[in-house]
Amino acid sequence: PVENARVAVQIGDLFRDALTGSDGMFDIGGVPAGTVTVLASTPQTRVVMINGVAVAEGETTSGIRITLDPTQLGGVAGTVTQQGVPVPGASIDLLQYGVGVLSAVADASGDYILTPLAPGLYDVTVTASGATVFSGQVTVTADQTTDADFELEAAPGVRGRITTMVGDVVTPLEDVSLRLISPDGA
């Protein structure tokens with residue numbers, strides 16, 4: 001049995017997932033009746049997909065057998081920057097078929113490493129406070145660490161100075177609350 005394998009049920013563009021227990025068993029509730037795809041993986045195995053699993057109304061489909069094969073492993077490593085400056089605390093998330101596989105947080109130098117990973121194509125999302133979300137893809141190759149540096153863009157914002165004017169004297173104000181209102185008043 002494989003413990004802590006991620007098993008997901010794909011329902012259109014939505015996923016429900018769970019981790020396997022020490023006995024290799026999983027239970028994913030709330031799956032609507034119909035035909036679904038079941039996906040399973042660990043960071044050390046390729047994603048296994050089983051298409052066409054029938055789920056009857058009010059029934060639990062059981063007896064699904066999934067074999068995960070360990071493979072030669074690789075990894076992804078790099079640096080997250082914004083305007084050339086390291087971004088400590090940035091979150092790097094890898095997914096396959098919409099299922100989260102492995103995550104890392106950039107260190108004080110903006111560096112991260114995600115390993116071990118099965119070879120294949122992964123979707124990557126990088127997030128950090130004050131930056132726009134980066135989404136892309138990275139390919140992991142067996143017995144190699146793929147270099148993947150990410151340059152984040154600053155999130156749009158508003159910057160200015162609030163002052164008061166008495167006569168000809170302009171004085172900056174402190175501890176002022178600012179509320180942004182969209183053109184539609186929201």
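Along the sequence shown, residues are numbered consecutively beginning with 1.
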Taken in chain and number order and not counting sequence neighbours, the residues that satisfy side-chain hydrogen bond (donor to acceptor under 3.5 Å, both in side chains) with Ser103 are Asp93
Would Val48 and Leu68 count as a side-chain contact (heavy atoms from CB on, under 4.5 Å) if you check the C-alpha gap in whole Å, the side-chain angles of each, and the deciding distance to 0.1 Å?
-> CA-CA 7 Å; Val48 174; Leu68 298 175; 3.6 Å; yes
Name all pairs fulfilling the salt bridge (Lys or Arg N to Asp or Glu O under 4.0 Å) condition that reach into residues 131-155, sequence neighbours left out, sorted by first residue then second.
-> none
Is Thr115 close to Thr145 at the side-chain level, that is, under 4.5 Å between some pair of heavy atoms?
-> no
Would you mind reporting whether Pro119 and Thr141 have side-chain heavy atoms less than 4.5 Å apart?
-> no
Closest approach of [X] and [Y], non-hydrogen atoms and distance?
X	Y	result
Pro86	Gly110	CB-N, 3.9 Å
Ala131	Gln82	CB-OE1, 3.6 Å
Ala8	Phe15	CB-CD2, 4.2 Å
Ala77	Ile113	CB-CG1, 4.0 Å

Can you name the residues that form a side chain to side chain contact (heavy atoms under 4.5 Å, CB included) with Arg161, not counting sequence neighbours?
-> Thr163, Pro172
Can you spot which of Leu173, Val176, Val169 makes a side-chain contact (heavy atoms from CB on, under 4.5 Å) with Thr164?
-> Leu173
Would one find more than 12 heavy atoms of other residues, nucleotides or ligands at under 6.0 Å from atom OH of Tyr97?
-> no
So, the side chain of Gln96 versus the backbone of Leu121: is there a donor-acceptor pair under 3.5 Å, distance only?
-> yes
Gap between atom CD1 of Ile50 and atom CZ of Arg65 - 0.5 Å precision | 11.0 Å
Could you tell me the separation between the OG1 atom of Thr139 and the CD atom of Gln144, rounded to the nearest 0.5 Å?
-> 11.5 Å
For Asp107, enumerate each residue passing the salt bridge (charged side-chain N to carboxylate O under 4.0 Å, His left out) test, keeping only those at least two apart in sequence or located in another chain.
-> none
Transitive ILVMFWY cluster of Leu94, excluding itself - 4.5 Å side-chain cut-off = Val76, Val80, Val87, Ile92, Val101, Leu102, Tyr112, Leu114, Leu117, Tyr122, Val124, Val126, Phe134, Val138, Val140, Phe150, Leu152
Can you give the donor-acceptor pairs under 3.5 Å from side chains of residues 16-40 to other protein atoms, not counting sequence neighbours?
from	atom 1	to	atom 2	distance (Å)
Arg16	NE	Gly30	O	2.9
Arg16	NH2	Gly30	O	3.3
Asp17	OD2	Arg6	NH1	2.7
Thr20	OG1	Val2	O	2.6
Thr20	OG1	Asn4	N	3.1
Thr20	OG1	Ala5	N	2.9
Asp23	OD1	Met25	N	3.0
Thr37	OG1	Asn51	OD1	3.1

